[in-house]
Amino acid sequence: QVQLVESGGGLVQPGGSLRLSCAASGSIGRTYIMGWYRQAPGKQRELVARILNGGSTVYVDSVKGRFTISRDNAKNTVYLQMNSLKPEDTAVYYCNARPSSFATGYWGQGTQVTVSS
């Protein structure tokens, strides 16, 4: 059983940075596909970044060059480094862990990120 807890969200000015963390209660190692998703009010939840069990990464076009997803398998933690934040990045960010590409996986509770001056 995997439980995910996100942290690191908050209020930041445009151009600022935040680092989100997702800690897993169980060992995920490199066997889980880890991803960050976000959902703004009135919008569908969208994939922000994903790191595969082989280490390759995928980003939504709007965050390429600004966000970086990484994982520390020893700590069972995945991170999302968010730089050059824009107001459009405002959303609730969710961590997801999937044992395979075909599984629904597990979700964290979400952490609010607000980018505003």
Side-chain angles (χ1 to χ4, degrees):
Q1 188 69 38
V2 176
Q3 291 182 302
L4 306 174
V5 179
E6 300 104 328
S7 62
L11 175 65
V12 65
Q13 293 185 333
S17 298
L18 286 173
R19 189 180 75 161
L20 305 183
S21 298
C22 173
S25 62
S27 178
I28 57 174
R30 295 189 300 273
T31 63
Y32 281 79
I33 301 169
M34 305 298 299
W36 285 98
Y37 294 73
R38 67 186 180 188
Q39 187 167 22
K43 294 186 176 181
Q44 291 278 2
R45 186 174 300 184
E46 68 170 348
L47 172 70
V48 178
R50 177 184 292 149
I51 183 164
L52 306 181
N53 50 20
S56 60
T57 57
V58 176
Y59 299 92
V60 67
D61 287 344
S62 60
V63 309
K64 286 182 178 178
R66 299 189 297 119
F67 291 9
T68 303
I69 187 171
S70 62
R71 64 196 297 171
D72 187 333
N73 293 329
K75 296 181 178 180
N76 291 316
T77 302
V78 62
Y79 305 95
L80 184 67
Q81 179 65 47
M82 309 163 67
N83 299 327
S84 302
L85 283 162
K86 304 175 180 179
E88 308 92 270
D89 296 318
T90 297
V92 177
Y93 284 70
Y94 299 90
C95 180
N96 175 262
R98 294 194 295 171
S100 75
S101 298
F102 308 101
T104 300
Y106 304 91
W107 292 93
Q109 82 288 347
T111 184
Q112 177 71 48
V113 172
T114 302
V115 184
S116 176
S117 59

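Residue indices begin at 1 and follow the sequence shown.
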From CG (Asn96) to CZ (Arg45), nearest 0.5 Å: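 Result: 8.5 Å between the selected atoms.
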From CZ (Arg38) to CG (Leu80), nearest 0.5 Å: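 If I round to the nearest 0.5 Å, the distance is 9.5 Å.
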Any side-chain heavy-atom pair of [X] and [Y] under 4.5 Å:
X	Y	answer
Thr104	Arg98	no
Gln13	Ser116	no
Ile69	Val78	yes
Gln112	Tyr93	no
Val115	Val12	yes
Ile33	Arg50	yes

Donor-acceptor contact below 3.5 Å, side chain Glu6 vs main chain Gly110: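 At least one qualifying donor-acceptor pair exists.
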Under 3.5 Å: donor-acceptor pair, side chain of Thr90, backbone of Thr114: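 Side chain of Thr90 to backbone of Thr114, a donor-acceptor pair under 3.5 Å: no, none is there.
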Salt-bridge criterion met for Lys86 and Asp89 (N-O under 4.0 Å):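 Answer for the salt bridge query: no.
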ring-ring contact (aromatic ring centres under 6.0 Å, His included) partners for Tyr94, two or more places apart: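 With sequence neighbours excluded, Tyr94 shows a ring-ring contact (aromatic ring centres under 6.0 Å, His included) to no residue whatsoever.
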Transitive ILVMFWY side-chain link Tyr79 to Val60, under 4.5 Å: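 They do not share one cluster, since no chain of ILVMFWY contacts under 4.5 Å joins Tyr79 to Val60.
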Heavy-atom pair of closest approach, residues Ala40 and Ala91: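 Shortest heavy-atom separation between Ala40 and Ala91 comes out as N-CB, 3.9 Å.
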Minimal non-hydrogen separation, Leu85 against Arg66, with atom names: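 Leu85 and Arg66 have their closest heavy atoms at CA-NH1, 3.9 Å.
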Residue pairs passing the ring pair (Phe, Tyr, Trp, His ring centres under 6.0 Å) test where at least one lies in residues 22-74, sequence neighbours excluded: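 Every ring pair (Phe, Tyr, Trp, His ring centres under 6.0 Å) pair that includes a residue of residues 22-74, provided the two are not neighbours, is Tyr37-Trp107.
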Enumerate donor-acceptor pairs with a distance under 3.5 Å from any side-chain N or O in residues 17-29 to protein atoms, sequence neighbours excluded.
| residue | atom | partner | partner atom | Å |
| --- | --- | --- | --- | --- |
| Ser17 | OG | Asn83 | OD1 | 2.9 |
| Ser25 | OG | Gln3 | N | 3.0 |

Test log, rule side-chain contact (heavy atoms from CB on, under 4.5 Å), inputs Ser70 and Gln81: CA-CA 8 Å; Ser70 62; Gln81 179 65 47; over 6 Å; no
